[in-house]
Number of protein chains: 2
Amino acid sequence: MTDQSTAPRPTLEAVAARAGVSRATASRVVNGGEGVREPLVERVRRAVDELGYVPNQAARSLVTRRHDAVAVVIAEPETRVFADPFFALQLRGISKELTAHDSQLVLLLTEGRDDHARVARYLAGGHVDGALVFSLHLDDPLPGLIHGVPTVYGGRPGWSDASRGAVYVDCDNRGGAREAVRHLVGLGRRRIAHISGALDQTSAVDRLDGYRDVMADADPRLIVESDFTPGGGERAMRELLDRCPDLDGVFAANDLTAAGALRVLRERGRRVPEDVAVVGFDDMLPFTEQADPPLTTVRQDIEEIPATTPSRRQPRFRRHRPSLGLACSRRHRPPRGPARSYGRRFPATQAGA
Amino acid sequence: MTDQSTAPRPTLEAVAARAGVSRATASRVVNGGEGVREPLVERVRRAVDELGYVPNQAARSLVTRRHDAVAVVIAEPETRVFADPFFALQLRGISKELTAHDSQLVLLLTEGRDDHARVARYLAGGHVDGALVFSLHLDDPLPGLIHGVPTVYGGRPGWSDASRGAVYVDCDNRGGAREAVRHLVGLGRRRIAHISGALDQTSAVDRLDGYRDVMADADPRLIVESDFTPGGGERAMRELLDRCPDLDGVFAANDLTAAGALRVLRERGRRVPEDVAVVGFDDMLPFTEQADPPLTTVRQDIEEIPATTPSRRQPRFRRHRPSLGLACSRRHRPPRGPARSYGRRFPATQAGA
DNA sequence: GGCTCGCTTGGGAGCGCTCTCAGCGCACCC
DNA sequence: GGGTGCGCTGAGAGCGCTCCCAAGCGAGCC
């Protein structure tokens, strides 16, 4: 096996020399070949192949001030939540999108609060062309610390001063929740409970608001705060059943929670959906575990949220709206096709625009 | 909000000028201050603070040929598997370790086979100081494509020519499996089944081998290949119960599989561990779902596998051995403390050394 | 006192690339 | 035939940093 790691990598200079052109021309070819006559393009291409030339990204960045890299910040202290397939799917979607635009994904996981300064410093350091920040909690100081780099939040950030005007991508949590609850109402359910997510996250708050929009005068005992996990869903469901044994519907803040709830309902001998109808959120079930029984869920096309990028320097994102998955409680996926978008587009520029 | 993104970032030159020293001295201070007298160090530090100077990594890399970045390649085509908390934990452990050494984590997810060339090109491009490659399948062509960058595999790669001599980190899957099965034997179980992982991955093969080491003359019908997922575990368990209703022990290739198996055992009315004792692998349960009932598992300290790095340029890793979690079937974690290591250390250099 | 040596400091080259600008050749037109 | 303009190519100046090397400056020693 040849040890290529010690051999000096060929430079543009070497390519140019081999092709018998100037460095400038070689550079043009490497960057697309615009404005270079065909025979020269051909010669340079061959030289590149023969030498196995790969551009030095550092040198390129030094002059272009572009990095072809985007940071993904996951501001989630808890390992467990990071292990949530929701993140994994999002990451994969982002990765796909970045790859399509020749960009790299730099993953920044924060280890507790003190780490925010480190992340902010890194982002300010101009190492990446932009940042995507996920899983912010309501009182998170991170938005106030980020300067100098276009930032898009995954999920509506809380209304702190720093995040006012921030650009974010989110699905219509409130509307989706409304649809979910209306679906239960449409099934004739009257005692509909809600297991919310952790209320320090806007997605949980918005889904709760959506629930309240429909169930304005609901018994407050029908609402339990949980934490988006199956275990939390179990605990919440037990509490709900103890409090309100007569409940006949449950809207869970996400599918993991719903999975836990289903387990408890089964354990307590309630038939789903005959005795208690359950609706989840996210359409994550196929990726976590076989729901038993299958579950209605609000679909959110997580992996497709990172949308196309018309311009390399100005990535754009779309706001998605979940479509409701559907009438019959025994299907995972809604028949209505992929999530519809609002059609509005947000330029990924910094807050304050 | 001031728009710092348009203001030109200060350079070392500016810092030097403000501190009244040369660029060389300023550079020395920024890089640790070795060999610079205290008053100058102080002045430079202050200038850095006042100007908000952050080194330009591109310029630095251009000359040092270091990037302070490591690529993590997850060669896993299936979204579902990527969502496995096992990866999430590994990523978090790696992130922690890299952060401690001021390195960044560049995440490379492959989208199917064709993507391997892209990944190999990126790695060859000298963008990163090293690569960690995970979740390789037995016939994966990736090891043959990677050149020019120190590579460490997470999990023993298959014995293709390209990966011969490759450096890898893995736990002692075979030994751990042996311990797990011996544990079941020690409980007096005689009809011990094995639900293996996908046998195109060495970890699955090794665990199966470990099972066979102990159960040399086992009924072949007691072995079912599965896929490391809860759903797969359910299917496998059903098949096993149909084939061998008299089984009294199950060694599952990982905890997700075990969780699925437990669900089916409960469904079929078998008591665990009275009727059927179950042992998993990975000690992942706390991160996935409440196992019901709790499960014995072979502990693998996933998050701690990426070990300390004595030298920044030559990261080192330790090989870990799982410790067995334990006699009583009702605890998650073994009381023996963290995984013990072999004490051997592997320099993270390229294959062929 | 002069010389040597070691510790600090500054000057300057150069990492590999992009991009501006000037130059050159070739129609094309008058 | 000469001028004009356009399209292509090359020369060269940096991008911001590190690091080599030489110079400066005391302290210590003969």
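Numbers restart at 1 for each chain; the letters A, B, ... are given by sequence-line order, proteins then strands.
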Using a 3.5 Å distance criterion without hydrogens, assess whether the side chain of [X] forms a donor-acceptor pair with backbone atoms of [Y].
{"X": "Thr110(B)", "Y": "Asp115(B)", "value": "no"}
{"X": "Arg43(B)", "Y": "Ala19(B)", "value": "yes"}
{"X": "Asp129(A)", "Y": "Val70(A)", "value": "no"}

### Inter-residue atom distance Ser22(B).OG - Arg28(B).CZ, 0.5 Å rounding
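It comes to 6.5 Å.
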#### Entry: From Arg18(B) atom CZ to Leu51(B) atom CG, the distance as rounded to the nearest 0.5 Å
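Atom-to-atom, Arg18(B):CZ and Leu51(B):CG are 5.0 Å apart.
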Among [options], which nucleotide sits nearest the side chain of [X]?
{"X": "Val21(B)", "options": "dG10(C), dT8(C), dG12(D)", "result": "dG10(C)"}
{"X": "Val63(A)", "options": "dG16(C), dG12(D), dG16(D)", "result": "dG16(C)"}
{"X": "Arg23(A)", "options": "dT9(D), dG16(C), dG12(D)", "result": "dG12(D)"}
{"X": "Thr64(B)", "options": "dT9(D), dT18(D), dT18(C)", "result": "dT18(D)"}
{"X": "Arg60(A)", "options": "dT9(D), dC15(D), dT18(C)", "result": "dT18(C)"}
{"X": "Val36(B)", "options": "dT9(D), dT18(D), dT9(C)", "result": "dT9(C)"}
{"X": "Tyr53(B)", "options": "dC17(D), dT9(D), dC19(D)", "result": "dC17(D)"}

Looking at [X], I'd like to know whether one of its side-chain N or O atoms comes within less than 4.0 Å of OP1 or OP2 on [N].
{"X": "Arg9(B)", "N": "dG16(D)", "answer": "no"}
{"X": "Ser22(B)", "N": "dG10(C)", "answer": "yes"}
{"X": "Thr25(A)", "N": "dT9(D)", "answer": "no"}

May I have the distance from [X] (atom [atom1]) to [N] (atom [atom2]), rounded to whole angstrom?
{"X": "His67(A)", "N": "dC17(C)", "atom1": "NE2", "atom2": "P", "answer": "16 Å"}
{"X": "Leu62(A)", "N": "dG14(D)", "atom1": "CG", "atom2": "C1'", "answer": "9 Å"}
{"X": "His127(B)", "N": "dG16(C)", "atom1": "NE2", "atom2": "C1'", "answer": "13 Å"}
{"X": "Glu38(B)", "N": "dT9(C)", "atom1": "CD", "atom2": "P", "answer": "11 Å"}
{"X": "Glu13(B)", "N": "dG12(C)", "atom1": "CD", "atom2": "P", "answer": "12 Å"}
{"X": "Arg65(A)", "N": "dC17(D)", "atom1": "CZ", "atom2": "C1'", "answer": "13 Å"}
{"X": "Gln57(A)", "N": "dC15(D)", "atom1": "CD", "atom2": "C1'", "answer": "14 Å"}

### Query
Of the residues in residues 27-34 of chain A, which ones touch DNA chain D at a heavy-atom distance under 4.0 Å?
Arg28(A)
### Task
Before accepting this row, confirm whether a basic side-chain N of the pair Asp49(B)/Arg46(B) lies closer than 4.0 Å to the acidic partner's carboxylate O.
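Salt bridge: no.
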### Task
Check whether the side chain of Arg37(A) and the base of dT9(D) form a donor-acceptor pair under 3.5 Å.
no
### Distance-minimising heavy-atom pair for Asn31(B) and Arg60(B)
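Closest heavy-atom pair between Asn31(B) and Arg60(B): OD1-NH2, 3.2 Å.
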### Task
Among Thr25(A), Val21(A), Val29(A), find the residue that satisfies the side-chain contact (heavy atoms from CB on, under 4.5 Å) test when tested with Val41(A).
Val29(A)
